[in-house]
Amino acid sequence: MKGVKPQTVLVVEDEASIASFVAAYLKSAGYEVRTAASGSEALRLVESEKPALVVLDLMLPDIDGVEVCKRIRQTGELPVLMLTARDEDVDKIIGLEVGADDYMTKPFNPRELVARVRAILRRAAPGRGERESAVIRHGDLVVDAGRREARVRGEEVQLAPKEFDLLWELLDHRGLVLTRDQLLERVWGYTFAGDTRTVDVHVRQLRRKLGDASPIVTVWGVGYKVGPAKDQAA
Ligand code: CA
């Protein structure tokens, strides 16, 4: 990677020991690292440093991680990896209102954090909007990859970035069962068998948002697939 400017990762965490430990691992993986110990400082550095990705702790002393992530989302597609102390925060974090790309529950393995950062950045380039134009119809559901829009009976359903990518991946392989590991690799870019709970969390959110138009079928012990649409079943 000689001559290539390293990408900047912003680490937002008020616990200095965790922040410096995460920063050290990211630096040794070749990233420029900036750190912020509060939400307001994070938002300032997002503006001034234009990082490629933000590692964002949920619990911060001033503006919490949820609010920081929402504000980042309002300004564009900057990827966010959330850190959380508890599993039960996860639905909220991944959901539309917050829209993080991925999450890790503390305590986490720093090597896995670096692997996820790398995977998210690889997926983010050259730009999420540049997927070829394609539209898939499935019963009442219409998904437009070019516009990154999902509609149910004509009404747009707001999906977080990874929710959209996961839905697309499943629709694009209609009838095939995809394992959680395959989905992690294709949607999140992990090239190792990681923690697959993030797949289940995203599927749960998609089902909640799409309601009876959700095409996703659980294949117990294996993974997920998209079944035939109701009006195509016969
Ligand atoms: Ca914290």
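For ligands, and for the atoms within them, numbers begin at 1 and follow the listed sequence.
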Name of whichever N/O/S atom of [X] is nearest to the Ca ion (ligand 1):
{"X": "Glu13", "answer": "OE1"}
{"X": "Asp57", "answer": "OD2"}
{"X": "Asp14", "answer": "OD1"}

For this session: Rounded to the nearest 0.5 Å, what's the gap from NE2 on His202 to CG on Leu170? Could you check?
Result: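 Reported value, rounded in 0.5 Å steps: 12.0 Å.
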Exercise. With under 30° as parallel and over 60° as perpendicular, where do the rings of Trp168 and Phe164 fit, or are they tilted in between?
Worked result: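 Parallel, since the angle between the ring planes stays under 30°.
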For this session: May I ask you to decide if Val199's main-chain N or O and Thr196's side chain share a donor-acceptor pair within less than 3.5 Å?
Result: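 Answer holds: no.
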Problem set entry | Glu13 and Lys106 ion-paired at < 4.0 Å | yes
